[in-house]
Amino acid sequence: MSAIATTDKLFFERAEMDRDRVGGLVDSALKGADDGELFLEYRQSESLLFDDGQLKSANFDTAQGFGLRSVSGETAGLAHASEISEDAIRRAGETVKAVHQGHGGTVQEPPRGTNAKLYGEDNPLSAMAFSAKVDLLAEIDAYVRARDPRVKQVSASLLGNWQAVEIIRPGRHVASDVRPLVRINVSVVVGQGDRMESGSNGAGGRALYDQWVTAENWRSIADEALRQAIVNLDSVPAPAGEMTVVLGPGWPGVLLHEAVGHGLEGDFNRKKTSAFSGLLGQQVAAKGVTIVDDGTLDARRGSLTIDDEGTPTSRTVLIEDGILKGYMQDRMNARLMGMEPTGNGRRESFACKPIPRMTNTYMLAGDKDPAEILASVKNGLYAVNFGGGQVDITSGKFVFSCTEAYKIENGKIGAPVKGATLIGNGPEAMKKVSMIGNDLELDTGVGTCGKDGQGVPVGIGQPTLRMEELTVGGTQS
């Protein structure tokens, strides 16, 4: 079944709405606006958590609704409801007219169409029986506990999502998308003497569960979570001070996401609140640093066939060889900045307005062997995994906590360390990249990004990087 056939059944047949009449309601509501759309959404989601040897929770939820948005200049108004009906849309239209009343704008041209299809449309929640999901989580629990007698606690979870959206613009322009999304996570706590440490790992993407729940895949995920926990049992207090830091490939790209990616979103730059504002065409990173945002990667967690305004996603070069080339744009900020939308207008749900957001953001590979990068460092820190972090968009300052890191001593990986944090300034840190590995990796598919109270799935990645003079906050006395 095609996306438009699916959304026609969900939003029009089920609600007994007439497509032509709804198109007329949108035309009437947005007459005189600069832009706007009716966003229809139907979503099913589930989460299963197996913890402490038993199924602790199993949740299933169905949500539906619409958001009708009017844009006038820099002002946007959104009226939304969980009731999908012509009467509810009509009432919402009377509300949003206040945004552009007396404005007399000419609505923007609709986004171009696309024949791209980055993922299937099957519903992952119904593609695998509930009993099979519970059995899988119980098997993961038993497997991890049998691997090492130091295992004290195992948590395994499955999360699934199936979202159908339709976007109707003035002039009866329609765009539809059906989006699957799944994730599997394993967390492990190990203990030795009076010391307890943890590790976690996960994977997922826009597909059915079967891609990740083969025995080979889930065992690999579980083994990695256990390995991290055991490594941390032997960790020593982290050193502190300014030093050379080597970032591992893949998930450490979360530092790029937070410290650089958010600063390259269009709204922050239009409002001149980003550390990158007004720097297009200028050197903002070391030579060799190229960062892209790419929503067109097949079945990746952050990928979208179209964004939540109906614009096809794209591969947007943000920084090329250290030069700032562009920003991630939704339609409103692109129009106000005289630029083209890049397919980065995203929203958490029908009750939220679309804003510029990342999709899959990563740094391209360089030409250095990772072993050569490590061997080049006499004394420093090798950061392999990160937990939470914070960034100030205006100043670019960031703080990130390392969940797995090691000392580098005379060019070799030394003891694991505990309690390390990386402290710096995003734009300045990018200028301190001195070596770029040839081992680009994307993350395994677990990232969620928060902005303005909205959370959306994203992807990140990078190769091994050597960075000079980063401040490391440690616990070594």
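We're numbering straight along the sequence, starting at 1.
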Is a side-chain N or O of [X] found less than 3.5 angstrom from the main chain of [Y], in a donor-acceptor match?
{"X": "Arg346", "Y": "Pro457", "result": "yes"}
{"X": "Asn360", "Y": "Asp294", "result": "yes"}
{"X": "Glu258", "Y": "Val391", "result": "no"}
{"X": "Asp307", "Y": "Gly310", "result": "yes"}

From [X] atom [atom1] to [Y] atom [atom2], the distance as rounded to the nearest 0.5 Å:
{"X": "Lys56", "Y": "Leu137", "atom1": "NZ", "atom2": "CG", "value": "13.5 Å"}
{"X": "Asn344", "Y": "Thr316", "atom1": "CG", "atom2": "OG1", "value": "5.5 Å"}
{"X": "Leu125", "Y": "Glu46", "atom1": "CG", "atom2": "CD", "value": "3.5 Å"}

Using side-chain contact (heavy atoms from CB on, under 4.5 Å) as the criterion, list what pairs up with Ala58, not counting sequence neighbours. Leu48, Leu55, Phe130
Sequence-distant partners of Arg147, side-chain contact (heavy atoms from CB on, under 4.5 Å), two or more places apart: Tyr143, Asp223, Leu226
Intermediate values then yes/no, side chain to side chain donor-acceptor pair (under 3.5 Å), Thr444 and Arg301: CA-CA 9 Å; Thr444 55; Arg301 181 172 171 83; over 6 Å; no
Looking at side-chain heavy atoms only, is the closest gap between [X] and [Y] below 4.5 Å?
{"X": "Val377", "Y": "Tyr382", "value": "no"}
{"X": "Arg347", "Y": "Arg357", "value": "no"}
{"X": "Ser157", "Y": "Leu159", "value": "yes"}
{"X": "Val190", "Y": "Lys152", "value": "no"}
{"X": "Thr361", "Y": "Val458", "value": "no"}
{"X": "Phe268", "Y": "Lys451", "value": "yes"}
{"X": "Pro111", "Y": "Ile306", "value": "no"}
{"X": "Asp122", "Y": "Pro180", "value": "no"}

Could I get the full list of side-chain hydrogen bond (donor to acceptor under 3.5 Å, both in side chains) partners for [X], not counting sequence neighbours?
{"X": "Arg335", "value": "Gln108"}
{"X": "Lys325", "value": "none"}
{"X": "Glu41", "value": "Arg43, Gln163"}
{"X": "Asp367", "value": "none"}

Determine the sole option in Asp293, Ile291, Thr290, Leu297 for which the side-chain contact (heavy atoms from CB on, under 4.5 Å) test with Tyr362 is passed. Leu297
Criterion salt bridge (charged side-chain N to carboxylate O under 4.0 Å, His left out) on Glu309 and Arg69, from CA distance to verdict: CA-CA 10 Å; Glu309 298 180 300; Arg69 183 181 64 141; 2.8 Å; yes
Taking atom types as modelled, is there a side-chain donor on [X] or [Y] under 3.5 Å from an acceptor on the other?
{"X": "Asn232", "Y": "Ser198", "answer": "no"}
{"X": "Asn438", "Y": "Lys368", "answer": "no"}
{"X": "Glu468", "Y": "Thr244", "answer": "yes"}
{"X": "Asp51", "Y": "Ser155", "answer": "yes"}
{"X": "Arg179", "Y": "Thr305", "answer": "no"}
{"X": "Thr7", "Y": "Ser176", "answer": "yes"}
{"X": "Asn385", "Y": "Thr403", "answer": "no"}
{"X": "Arg270", "Y": "Asn333", "answer": "yes"}

Would you call [X] and [Y] a salt bridge, using N to O less than 4.0 angstrom?
{"X": "Lys271", "Y": "Asp267", "result": "no"}
{"X": "Arg331", "Y": "Glu37", "result": "no"}
{"X": "Arg195", "Y": "Asp234", "result": "no"}
{"X": "Asp330", "Y": "Lys353", "result": "no"}
{"X": "Lys287", "Y": "Asp321", "result": "yes"}
{"X": "Glu372", "Y": "Arg466", "result": "no"}

Step by step, would you call Leu280 with Tyr327 a side chain to side chain contact (heavy atoms under 4.5 Å, CB included)? CA-CA 9 Å; Leu280 277 175; Tyr327 303 123; 3.8 Å; yes
[X], [atom1]: over 12 other non-hydrogen atoms inside 6.0 angstrom:
{"X": "Glu109", "atom1": "CD", "value": "no"}
{"X": "Lys432", "atom1": "NZ", "value": "yes"}
{"X": "Glu409", "atom1": "CD", "value": "yes"}

Under the side chain to side chain contact (heavy atoms under 4.5 Å, CB included) rule, what do Leu381 and Leu422 come out as? Steps first, then yes or no, please. CA-CA 10 Å; Leu381 185 77; Leu422 299 188; 4.0 Å; yes
Measure across [X] and [Y] and return the closest heavy-atom pair with its distance rounded to 0.1 Å.
{"X": "Pro427", "Y": "Ala259", "answer": "CD-O, 4.5 Å"}
{"X": "Phe276", "Y": "Leu264", "answer": "CG-CD2, 3.6 Å"}
{"X": "Val246", "Y": "Thr464", "answer": "CG1-CG2, 3.7 Å"}
{"X": "Lys133", "Y": "Leu158", "answer": "CB-CD1, 3.8 Å"}

Candidate pair Trp251 and Val446, rule side chain to side chain contact (heavy atoms under 4.5 Å, CB included), full reasoning: CA-CA 10 Å; Trp251 182 252; Val446 297; 4.0 Å; yes
Candidate pair Asp148 and Arg227, rule salt bridge (charged side-chain N to carboxylate O under 4.0 Å, His left out), full reasoning: CA-CA 10 Å; Asp148 195 293; Arg227 183 199 66 80; over 6 Å; no
Test side chain to side chain contact (heavy atoms under 4.5 Å, CB included) applied to Ser187 and Asn185, step by step: CA-CA 7 Å; Ser187 297; Asn185 281 81; 5.6 Å; no
